[in-house]
Engineer: 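Pasting a structure below so you can have a look.
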Amino acid sequence: MPAFQTSPGMRDVLAPDSTRWRAFQAVFAQVAGAGGYGEIMVPLLEDLDVFKRVGEATDVVTKEMYDFYDKGDPPRHIALRPEQTASVCRAFVQNRPQTPWKTFYAGPNFRYERPQRGRYRQFDQVGIEVLGADDPYLDAEVIAIGWRFFEALGLRQVTLLLNSLGEPADRAAYVTALQTYFAANVDELSDESKLTLTKNPLRVLDSKRREDSAVVAGAPTIGDFYSADAAAHFTAVQEGLRALDIPFTLEPKLVRGLDYYRRTTFEYQGGTLNSAQNALGGGGRYDGLVEALGGPETAGVGFALGLDRTLLACDDEGVFDAPADAADVFVVDTTGGMQALIITQQLQREGLRAERAYENRSIKSQMKAADRSGAAIAVIIGSDELEAGTATCKVMADGTQSVVARDDLSAAIRKQLS
RNA sequence: GUGGAAUUAGCUCAGUUGGUUAGAGCGCCAGAUUGUGAUUCUGGAGGUCGCGGGUUCGAGUCCCGUAUUCCACCCCA
């Protein structure tokens, strides 16, 4: 047992997993970039109040925040970001970029929760946000970008759940109706849901407890409360998705955890149903958030995807393996190691991935290391080669060898690799 | 935050009703005539059995506490 280990819910990511993470982010940057989205890098830390605007009734803000006071005078109340949407909106108000402002991000967030597989206290997300456009076809575009990203990874079993929470007034009327309904059936609810009912009635719809399922199933649905505008917007979003051949399932009980959502909400679910963590990502419209952060009235829509969970889904479907990181050349040197040092440096300068063995091991041992490195070619320098000013080039796959002059080594290797 | 399970070599795991120097597979290191790798054979290194108490003549095996991981709830990515 090591004397020190990572704090709960935190972990080290080593190669080849780290290589896979980078590749994951690169694919996302490529897909988002193709749509004209530029990357934003927001701070890991913000004033606590930025995140509080996300909603006083969300656990992410009230229970799960990593917060502390800094050394300012007076001290500022700071928090590690639990998500990035609020930071992006704050950045919009502060920098006032031209609208519509389309941006994407990738990086870690922090939530103090009980860790589980696919749920860590430091977890990476990628996401996009668009500020300053109300167009329902933009909602369809945003959803499509997420969808195409999953496709680019090779995922085929992702399900898209779609809902609209209506305008704030619609939502308020619906909440009132829900309260009335649940109050009439309160005896059939679990104790936990009774508590949830007093804080945020919408969330009762999310309960996974079996005793709640009957009552939840009979609850009124949001669809009956849409204003004409909200209904038209939602219809247009669906039309956009159909036009793009993106399949979706209407889920009137999809409310999602962040309180800032208005109108469109959606969630991507992985194909493996046997996990409580099958939500790969989600998003929606948050037209009031910029205003809540002191900016002008601004429409907003976006999504965030969990890197871990999406990678877990990739594992389940057997797609998007870690990229191969094999060496091109492995230099075996039985004359002490100096030659291997020189040759690997030279080859690396020329852009090849060149490795070598250390500690002057036997040729057999060095050949084993060459094999492990995955190198296509082994360059062997022994006393004979050193004296003659040559190098032996071995093609690992078929074992064929050739002796070349040291001056021609680089060219010979390139020829073999091509 | 609530409830449950797990924790033994680098990795994946065995360890019978508590009983002497804790095992396997893989991996690692070294050999199997002359300078050559994925097979085969031989040998070797590596563990205060998560940590701390307790019961006992004796605990990896039982009890308590604690830490971490995993599962469910909660929450969400």
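Below, read A as the first sequence line, B as the second, and so on, with proteins coming before strands; counting in each chain starts at 1.
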Engineer: Quiz question: by atom type and distance under 3.5 Å, do the side chains of A:Gln345 and A:Arg349 form a donor-acceptor pair?
Structural biologist: no
Engineer: In whole angstrom, give me the gap between the P atoms of B:C49 and B:U2.
Structural biologist: 30 Å
Engineer: Could you tell me which nucleotide pairs with B:G31 by Watson-Crick or G-U wobble geometry, both distances under 3.5 Å, or answer none if nothing does?
Structural biologist: B:C41
Engineer: Now, which nucleotide makes the Watson-Crick or G-U wobble pair with B:G46, with each of the two distances under 3.5 Å?
Structural biologist: none
Engineer: Using nucleotides 36-38 of chain B, report all nitrogen or oxygen pairs with the protein that are shorter than 3.5 Å.
Structural biologist:
from	atom 1	to	atom 2	distance (Å)
B:U36	O2'	A:Lys394	NZ	3.3
B:U36	O2	A:Lys394	NZ	3.0
B:U36	O2	A:Gln401	OE1	3.1
B:U36	N3	A:Gln401	OE1	2.5
B:U36	O4	A:Gln401	NE2	3.1
B:G37	OP1	A:Lys364	NZ	3.4
B:G37	O2'	A:Asp371	OD2	3.1
B:G37	N7	A:Lys394	NZ	3.2
B:G37	O6	A:Met396	O	3.2
B:G37	N1	A:Met396	O	2.3
B:G37	N2	A:Asp371	OD1	3.3
B:G37	N2	A:Met396	O	3.2
B:A38	O4'	A:Asp371	OD2	3.0

Engineer: Please report, rounded to the nearest Å, how far the P atom of B:C75 is from the CZ atom of A:Phe123.
Structural biologist: 16 Å
Engineer: About how many Å separate OG of A:Ser373 and CG of A:Asp325, when rounded to the nearest 0.5 Å?
Structural biologist: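 Between atom CG of A:Asp325 and atom OG of A:Ser373 there are 10.0 Å.
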Engineer: Write down the distance between OH (A:Tyr112) and P (B:G1), rounded to a whole number of angstrom.
Structural biologist: 6 Å
Engineer: Please report the distance, rounded to the nearest Å, between CG in A:Asn278 and P in B:A72.
Structural biologist: 10 Å
Engineer: Give A:Ser365 one of three labels, base, sugar-phosphate or nothing, depending on what nucleic acid heavy atoms sit under 4.0 Å from its own.
Structural biologist: sugar-phosphate
Engineer: For the pair A:Phe225 and A:Tyr174, name the ring-plane relationship: parallel under 30°, tilted 30 to 60°, perpendicular over 60°.
Structural biologist: tilted
Engineer: B:C51 and B:C41: how far apart are their P atoms, nearest whole angstrom?
Structural biologist: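 The answer is 36 Å between these two P atoms.
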Engineer: Taking B:G25 as the reference, what is the distance to B:U21 when you measure between their C1' atoms (whole Å, please)?
Structural biologist: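 After rounding to an integer number of Å, I get 23 Å for this pair.
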Engineer: Please tabulate, for side-chain N and O atoms in residues 383-394 of chain A, each donor-acceptor pair with protein atoms closer than 3.5 Å (sequence neighbours left out).
Structural biologist:
from	atom 1	to	atom 2	distance (Å)
A:Glu385	OE1	A:Gly382	N	3.0
A:Glu385	OE2	A:Thr392	OG1	2.5

Engineer: Reading RNA chain B from 5' onward, which residue's closest nucleotide shows up sooner: A:Gly281 or A:Arg119?
Structural biologist: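 This one resolves to A:Arg119.
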Engineer: Within the structure shown, what part of the strands sits under 4.0 Å from A:Asp384 by heavy-atom distance: base, sugar-phosphate, or nothing?
Structural biologist: base
Engineer: Give me the distance, rounded to whole Å, that separates B:G54 from B:G47 when you measure between the C1' atoms they each carry.
Structural biologist: 24 Å
Engineer: Classify A:Arg210 by what it touches in the nucleic acid, base, sugar-phosphate, or nothing, heavy-atom distance under 4.0 Å.
Structural biologist: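 If one applies the 4.0 Å heavy-atom cut-off, A:Arg210 turns out to touch nothing in the nucleic acid.
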Engineer: Distance criterion of 3.5 Å, no angle test: do you see the side chain of A:Glu113 paired donor-to-acceptor with the base of B:A77?
Structural biologist: yes
Engineer: Does B:C62 have a Watson-Crick or wobble partner in any strand here, with both distances under 3.5 angstrom, and which is it?
Structural biologist: B:G54
Engineer: Is it the case that the base of B:C76 and the side chain of A:Arg203 share a donor-acceptor contact (distance under 3.5 Å, atom types as modelled)?
Structural biologist: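 Between B:C76 and A:Arg203, which were checked side chain against base, a qualifying N/O pair under 3.5 Å is absent.
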Engineer: If only side-chain N and O atoms of A:Ser207 are considered, is one of them under 4.0 Å from the OP1 or OP2 phosphate oxygen of B:C74?
Structural biologist: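 Checking B:C74 against A:Ser207, a side-chain N or O does come within under 4.0 Å of OP1 or OP2.
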Engineer: Paired with B:G1: which nucleotide, if any, by Watson-Crick or G-U wobble criteria at under 3.5 Å for both distances?
Structural biologist: B:C73
Engineer: With both distances under 3.5 Å as the test, what is the Watson-Crick or G-U wobble partner of B:U12?
Structural biologist: B:A24
Engineer: How many whole angstroms separate atom CZ of A:Phe4 from atom P of B:U68?
Structural biologist: 15 Å
Engineer: Please list each protein N or O that sits under 3.5 Å from an N or O in nucleotides 3-9 of chain B, with the distance.
Structural biologist:
from	atom 1	to	atom 2	distance (Å)
B:G3	O6	A:Arg114	NH2	3.2

Engineer: Are the charged groups of A:Glu355 and A:Arg353 less than 4.0 angstrom apart, N to O?
Structural biologist: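 Yes.
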Engineer: Provide, to the nearest angstrom, the distance between the NZ atom belonging to A:Lys199 and the C1' atom belonging to B:G1.
Structural biologist: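 About 11 Å, once rounded to whole Å.
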Engineer: To the nearest 0.5 Å, what is the distance between CG (A:Leu409) and CD1 (A:Ile381)?
Structural biologist: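 With rounding to 0.5 Å, CG (A:Leu409) is 7.0 Å from CD1 (A:Ile381).
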Engineer: What's the gap between B:G31 and B:A45 when it is taken at their P atoms, as a whole Å value?
Structural biologist: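 Their P atoms lie roughly 16 Å apart.
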Engineer: Quick one: A:Tyr261 OH to B:C75 P, roughly how many Å, whole number?
Structural biologist: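 Checked: the OH to P distance equals 16 Å.
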Engineer: Can any side-chain N or O of A:Asp371 pair as donor or acceptor with the backbone N or O of A:Lys368 at less than 3.5 Å?
Structural biologist: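 No: the side chain of A:Asp371 does not pair with the backbone of A:Lys368.
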Engineer: Quick one: is A:Gln116 getting a side-chain N or O under 4.0 Å of the B:U69 phosphate, OP1 or OP2?
Structural biologist: no
Engineer: Which residues in residues 7-28 of chain A have at least one heavy atom lying under 4.0 Å from any atom of RNA chain B?
Structural biologist: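 The answer is A:Pro8, A:Gly9.
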Engineer: Please state the C1' separation for the pair B:G58 and B:U17 - nearest whole angstrom.
Structural biologist: 16 Å
Engineer: What does A:Leu307 touch in the nucleic acid at a heavy-atom separation under 4.0 angstrom: a base, only the sugar-phosphate, or nothing?
Structural biologist: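 Nothing, no heavy atom under 4.0 Å.
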Engineer: What integer number of Å spans the C1' atoms of B:U68 and B:A30?
Structural biologist: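 Comparing C1' positions in B:U68 and B:A30 gives a spacing of 37 Å.
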Engineer: Would you mind checking if A:Arg263 and A:Asp134 are paired as a salt bridge, meaning a charged N to carboxylate O distance below 4.0 Å?
Structural biologist: yes
Engineer: If pairing requires Watson-Crick or G-U wobble contacts with both distances under 3.5 Å, which nucleotide is the partner of B:A67?
Structural biologist: B:U7
Engineer: Over how many whole Å does the gap from A:Arg111 atom CZ to B:C76 atom P extend?
Structural biologist: 8 Å
Engineer: I want to check a possible cation-pi pair here: A:Arg285 against A:Tyr261, using under 6.0 Å from ring centre and within 45° of the ring axis as the test.
Structural biologist: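 Because its charged atom misses either the 6.0 Å distance or the 45° angle limit, A:Arg285 does not stack over A:Tyr261.
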Engineer: Hey, could you give me the CG/CG distance between A:Asp67 and A:Leu48, rounded to the nearest 0.5 Å?
Structural biologist: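 Interatomic distance, A:Asp67 CG to A:Leu48 CG, rounded to 0.5 Å: 5.5 Å.
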Engineer: Is there a side-chain contact between A:Glu211 and A:Glu188 (heavy atoms, below 4.5 Å)?
Structural biologist: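 The answer is no, as the side chains (C-beta and beyond) never meet within the 4.5 Å cut-off.
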Engineer: Apply ring-ring contact (aromatic ring centres under 6.0 Å, His included) to A:Phe266 and list each qualifying residue two or more places apart in sequence or on a separate chain.
Structural biologist: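 With sequence neighbours excluded, A:Phe266 shows a ring-ring contact (aromatic ring centres under 6.0 Å, His included) to A:Tyr268, given in chain and number order.
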Engineer: Sequence neighbours left out, cut at 3.5 Å: what donor-acceptor pairs do the side chains of residues 27-35 of chain A make with other protein atoms?
Structural biologist:
none

Engineer: Where the side chain of A:Arg209 is defined as all heavy atoms beyond and including C-beta, which of B:C70, B:C76, B:C73 is the nearest nucleotide?
Structural biologist: B:C73
Engineer: With distance as the sole criterion, do the side chain of A:Arg256 and the base of B:C76 form a donor-acceptor contact below 3.5 Å?
Structural biologist: no
Engineer: To the nearest 0.5 Å, what is the distance between OH (A:Tyr112) and NZ (A:Lys63)?
Structural biologist: 13.0 Å
Engineer: Rounded to whole angstrom units, what separation is found between the CG atom of A:Asp212 and the C1' atom of B:C74?
Structural biologist: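 Distance check: A:Asp212 CG to B:C74 C1' gives 12 Å.
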Engineer: Can you tell me how far P in B:G19 sits from the matching atom in B:U66, rounded to whole Å?
Structural biologist: 28 Å
Engineer: Any heavy-atom pair between the side chains of A:Leu197 and A:Phe182 that's under 4.5 Å?
Structural biologist: yes
